[in-house]
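This report refers to the structure that appears directly beneath it.
Both backbone and side-chain heavy atoms feed into the values below; hydrogens, waters and symmetry mates do not. Sequence lines set the chain letters: A, B, ... in the order given, protein chains first and strands last, and positions in each chain run from 1. Computed from a predicted structure; not experimentally measured.
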Amino acid sequence: VVIYNMILDSLCKHGHVDDAQNLFSEMDKKGIAPNIFTYNTMINAYCSFGRWSDATQMLREMVERKITPDVVTFNALINTFVKEGRLSGARELYDEMIWRGIVPNTITYNTLIDGYCMLNRLNEANQVFDLMVRKGVSPDTVTFSTLINGYCKAKRVEDGMVLFHKMTRIGCVADTVTYTTLIQGFLRANNVRVAMELFQEMVSRDLSPNIMTYNILLEGLCCNGKLERALEVFKEMEKSEMDIDIYSYGIIIHGMCKAGKVEEAWDLFCGLPLKGVKENEGDQPCPREAIYNTLVRGHLRYHDVNTAAELIKEMRRGGFSAD
RNA sequence: CUCUGAUGUG
């Protein structure tokens, strides 16, 4: 069962929910009984792909087989309500789990907090925070990062910093996500200096910046007219063995266009295939197309209509459409 | 072995 569960989960995480579904019925036929992990995996997968009816069917089935939904099941369900912004539904599920004698854990509260943060309802987010403490559930790094993100998105970076200090005071260690969140907050507040200081601090604490950290830095620097610094950071990325995604190049190209360096942007773009940059992996929006559009706009803005026209032809050839 | 937080270019 454990092996099956691992395979099911990995199939789902890669978006092959139908294959997982098939494997699920196959294991059933072979007489391998699904357990609570199996059901939770499938329910979560259906939920995160919006297949609500499949999810409820799984729920019914597990109950029929006398497998009782546990805290993980409820957390997954609460999360799907939360992601749709249906906080009252999420709260009802929370009440129901308590009614059933299931004890909410840190993840339950973190999920609810995130839901309120997403809707900019920071007071209620804090109320949930107080509630969890009152119930004896300890906030963790994710709890604080979630709240900090809420404040940053609400343009209240300084309040985010207050939480940042509070978390260390009570023994929660800030991780890469925490730092990345704050760095973005400061960049959006056009405070490049503090953002860079935080970046140095995270590195000095042996937290390695990842591709998200870098993309945020690049975009923030470009938006604040610091193309030079962005290019320095970019060099650093190329040196480290991090696999730079095509979005990173898109950000730089966009920054170059905005700074009037349309030629350099074009050169960089032409060099992309040589660098073995990984393109999209079956995702929705096509980054390449976005870059083309960025370049066209850049050329147009600087009155190079001919090159722009040429670019559009080329993208048509490549099967893209200009917007 | 299953559930929660940060990036997506006008």
Side-chain angles (χ1 to χ4, degrees), chain A residues 1-10 12-13 20 34-45 47-48 58 62 69-80 82-83 90 97 104-115 117-118 125 132 139-150 152-153 160 174-185 187-188 202 209-220 222-223 245-258 265 280 283-298 300-301 323:
Chain A
V1 217
V2 177
I3 303 290
Y4 270 96
N5 289 347
M6 293 189 332
I7 297 171
L8 285 174
D9 188 48
S10 134
C12 292
K13 296 271 147 76
N35 61 14
I36 181 80
F37 288 83
T38 321
Y39 282 108
N40 286 341
T41 302
M42 293 306 296
I43 288 170
N44 184 49
C47 285
S48 43
M58 272 287 135
M62 74 187 285
D70 65 359
V71 61
V72 174
T73 322
F74 273 92
N75 287 346
L77 296 174
I78 289 174
N79 188 39
T80 82
V82 154
K83 292 289 119 81
M97 69 191 285
N105 59 15
T106 305
I107 294 182
T108 318
Y109 293 104
N110 289 349
T111 307
L112 289 170
I113 289 172
D114 189 42
C117 285
M118 282 174 45
M132 77 189 285
D140 62 4
T141 301
V142 175
T143 318
F144 282 101
S145 300
T146 305
L147 271 171
I148 289 172
N149 186 39
C152 287
K153 293 287 140 72
D175 64 8
T176 299
V177 176
T178 320
Y179 275 100
T180 303
T181 306
L182 280 165
I183 287 169
Q184 180 181 226
L187 287 171
R188 297 238 257 233
M202 88 178 264
N210 59 22
I211 187 68
M212 283 196 203
T213 318
Y214 278 117
N215 284 345
I216 286 168
L217 251 188
L218 290 179
E219 194 182 341
C222 288
C223 282
D245 59 29
I246 190 156
Y247 287 110
S248 319
Y249 286 98
I251 294 166
I252 290 292
I253 288 171
H254 181 78
M256 285 174 163
C257 287
K258 212 168 77 168
N280 47 326
D283 305 302
Q284 273 72 29
C286 182
R288 228 189 157 75
E289 176 169 297
I291 295 181
Y292 267 120
N293 282 313
T294 305
L295 275 167
V296 171
R297 274 193 290 267
L300 285 177
R301 185 146 1 119
D323 61 17

Residues that [X] engages under side-chain hydrogen bond (donor to acceptor under 3.5 Å, both in side chains), provided they are two or more places apart:
{"X": "Asn35(A)", "result": "Asn5(A), Thr38(A)"}
{"X": "Tyr109(A)", "result": "Tyr94(A)"}
{"X": "Asn44(A)", "result": "none"}
{"X": "Asn210(A)", "result": "Thr213(A)"}

(message) Return a single string for nucleotides 1-7 of chain B, one symbol per nucleotide in 5' to 3' order, where B is base contact, S is sugar-phosphate-only contact and - is none, cutoff 4.0 angstrom on heavy atoms.
(response) BBBBBBB
(message) Can you list everything that forms a salt bridge (Lys or Arg N to Asp or Glu O under 4.0 Å) with Asp9(A)? Sequence neighbours excluded, please.
(response) Lys13(A)
